[in-house]
*Asks:* 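The structure's right below; bear with me while I get my questions together.
The figures here come from the full heavy-atom set of this structure, side chains too, leaving out hydrogens, waters and symmetry mates.
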Amino acid sequence: MVQGNGKDPSGPRSALEEGIAEWRAFLARRQAIHAADADELEDHLRSQAGALRAAGLAEDEAFLIAVKRIGELDALSREFAREHSQRLWRRLVVGPEGGREGALGKEAGVAVGLAVAAAAAVKLPELFGVKMDVNQELPAFYLRNLGLLVLPFLAAFFAWKRELSAAAWLRLAAPFALGALAINLMPFAPGAHTMLLASLHLLMTLWLAVGTAYAGGRFRDHEARMDYLRFSGEWFIYYTLIALGGGVLVGLTGFVFSAIGVKPGPFLATWVLPCGAAGAVLVAAWLVEAKQSVIENMAPVLTMLFTPLFTFMLLAFLATMAWTGSGIDVKREVLIGFDLLLAVVAGLVLYAISARDPMKPPGLFDALQLALIVSALLVDLVALGAIATRISEFGASPNKVAALGENVILLVNLGWSAVLSARFLAGRAVFAQLERWQTAYLPVYAAWAWLVVLLFPPLFSYR
């Protein structure tokens, strides 16, 4: 494959080609491996490296991570990765060298600049009389425009990094413009439930819109969608870590200033927290892009930790409900809680799928994940029954109809995921089918979210 890949052996080779040549030479020293087997492994190696290159990594980084992944399938490649572990650690964790370091510095500058712009955008409405006050509820303007104040800057970061064309920039701006017009021109009643629902679902649609920029205009491709799912999970980890550190910093700041008689609470609540939360969205995204290999090692650990915990929790809930004979009390807060629970479980399943090597044979963890999916499916069915009963007795409301729709969508996703997982465990299907089902289902979430944003308010008279 090194001589047969169409490249001129006498000309200068890229870092990727040099790495593959070194890897092939390492394999060639082992007489037990045949050329055909090496060719097949190289095809898989090039596929992995190509996906990583498309995600923005340099050639040497893409090669080393791809070898690491291949090492999970092939003992010789694992030995190669182990022999080169010092170089792997230095380049992927400590930091790259040469031109890549300069590129990362430029990306960091752009990310920090956009983070400052997002923080400023959060405070900009105060110039027009929309003020945050710790003694009052958050103004409705901020609830409506929660995603619109920050996510355009995240989309711009990826559009700049992927070097999108002017036409692609315009297409990317379309959902943000539509969302801004819809959410701000609708005549919502004071405290309207439809406003909160539309605002939260608009945040979902805009996050998916950011995915088109992240994918460089290839969001219809399965691999591009899966890469964005991985990014979303990794971004959540980084953002949570930043938020925890920021919370400690804010708490200590309030403590030390209070010790000298200064009360910084209002400033921290109306300036530091909102600006920091907005800027951290961009900083977390840059960290994911710059240090992908670090989180790549954390993802399997996190999924192996939380999958059994969530499975046990759901099974314990179902057993307790059956033992006590208690049903779900369908109130607004309960609906929100169950929707959040099922969304977290669906997100955990997605993250576990994105973190798994699709070439690995089924194992104990796959059986555990099937148990999690089935448990969530049963909880979803119980919640659906309670919601349908409540609607038949007391009529429809925005919250109940939204919860019903979201539970139906999750039911379909979890149901077919359970079928595909069971078939994979039985050796009757490949793992790639489960991956493709998840990425193919993303437009369903987007369509439902836009439906809630655009149609729910007028259907329920903006109340």
Side-chain angles (χ1 to χ4, degrees), residues 146 193 196-205 207-208 229 232-233 235-237 239-240 243-244 299 302-355 365 367-391 397-418 421 434 437-438 441-442 444-446 448-449 452 456:
L146 183 62
H193 292 171
L196 181 59
L197 286 171
S199 302
L200 294 176
H201 285 79
L202 179 60
L203 190 62
M204 182 191 304
T205 65
W207 186 262
L208 291 174
L229 290 177
S232 298
W235 175 90
F236 178 78
I237 294 172
Y239 191 84
T240 300
L244 290 173
L302 292 172
T303 55
M304 290 183 68
L305 174 65
F306 285 103
T307 294
L309 292 176
F310 271 88
T311 303
F312 176 78
M313 184 270 288
L314 292 178
L315 290 174
F317 166 75
L318 290 169
T320 303
M321 188 173 63
W323 178 265
T324 60
S326 302
I328 296 176
D329 185 11
V330 184
K331 296 180 180 179
R332 180 188 177 191
E333 295 77 11
V334 176
L335 289 178
I336 294 173
F338 269 91
D339 284 345
L340 180 60
L341 169 64
L342 292 171
V344 168
V345 171
L348 180 60
V349 171
L350 273 174
Y351 193 48
I353 290 172
S354 70
F365 182 78
L368 190 60
Q369 182 168 284
L370 176 59
L372 173 64
I373 295 173
V374 172
S375 302
L377 194 59
L378 292 174
V379 172
D380 197 349
L381 286 170
V382 171
L384 271 173
I387 295 168
T389 301
R390 190 77 174 180
I391 290 176
S397 70
N399 291 322
K400 285 183 282 190
V401 174
L404 181 67
E406 285 156 13
N407 277 267
V408 168
I409 290 173
L410 287 171
L411 180 71
V412 174
N413 187 13
L414 293 170
W416 191 241
S417 296
S421 295
L434 183 57
W437 166 246
Q438 301 300 330
Y441 206 71
L442 288 179
V444 177
Y445 291 118
W448 170 254
V452 175
F456 263 49

*Asks:* So do E406 and H201 actually touch side chain to side chain, heavy atoms under 4.5 Å?
*Replies:* yes
*Asks:* Return yes if some donor-acceptor pair links the side-chain N/O of W416 with the main-chain N/O of L434 below 3.5 Å, else return no.
*Replies:* no
*Asks:* With ring centroids as reference points, do W235 and Y351 lie under 6.0 angstrom apart?
*Replies:* no
*Asks:* Can you list the steps and then say if L314 with L341 is a side chain to side chain contact (heavy atoms under 4.5 Å, CB included)?
*Replies:* CA-CA 10 Å; L314 292 178; L341 169 64; 3.9 Å; yes
*Asks:* Using a 4.5 Å cut-off on heavy atoms from C-beta on, say whether the side chain of V349 contacts that of N413.
*Replies:* no
*Asks:* Evaluate the criterion side chain to side chain contact (heavy atoms under 4.5 Å, CB included) for residue pair S417 and Y441; output intermediate values, then yes/no.
*Replies:* CA-CA 11 Å; S417 296; Y441 206 71; over 6 Å; no
*Asks:* Should L146 and S199 be marked as a side chain to side chain contact (heavy atoms under 4.5 Å, CB included) after you check the CA-CA gap, both sets of side-chain angles, and the distance that decides it?
*Replies:* CA-CA 7 Å; L146 183 62; S199 302; 5.9 Å; no
*Asks:* Which residues pass the side chain to side chain contact (heavy atoms under 4.5 Å, CB included) test with L377, sequence neighbours left out?
*Replies:* L411, L414
*Asks:* Less than 4.5 Å apart, any side-chain heavy atom of V345 and any of L410?
*Replies:* no
*Asks:* Taking all non-hydrogen atoms of both residues into account, name the closest pair between L208 and A446 and its distance.
*Replies:* CD1-CB, 3.5 Å
*Asks:* To the nearest 0.5 Å, tell me how far T205 OG1 sits from L200 CG.
*Replies:* 11.0 Å
*Asks:* Any chance you could measure L197, atom CG, to L202, atom CG, to the nearest 0.5 Å?
*Replies:* 12.5 Å
*Asks:* State the CG-CG distance between L442 and L229, to the nearest 0.5 angstrom.
*Replies:* 5.0 Å
*Asks:* Side chains of F338 and N407: does their closest heavy-atom pair fall under 4.5 Å?
*Replies:* no
*Asks:* If you round to the nearest 0.5 Å, how far is CG of L348 from CZ of F310?
*Replies:* 6.5 Å
*Asks:* Extract all donor-acceptor atom pairs below 3.5 Å that involve side chains of residues 367-374 and protein atoms in other chains or at least two apart in sequence.
*Replies:*
none

*Asks:* Determine whether W448 and F456 satisfy the following criterion, ring-ring contact (aromatic ring centres under 6.0 Å, His included), listing intermediate values before the conclusion.
*Replies:* CA-CA 11 Å; W448 170 254; F456 263 49; 5.8 Å; yes
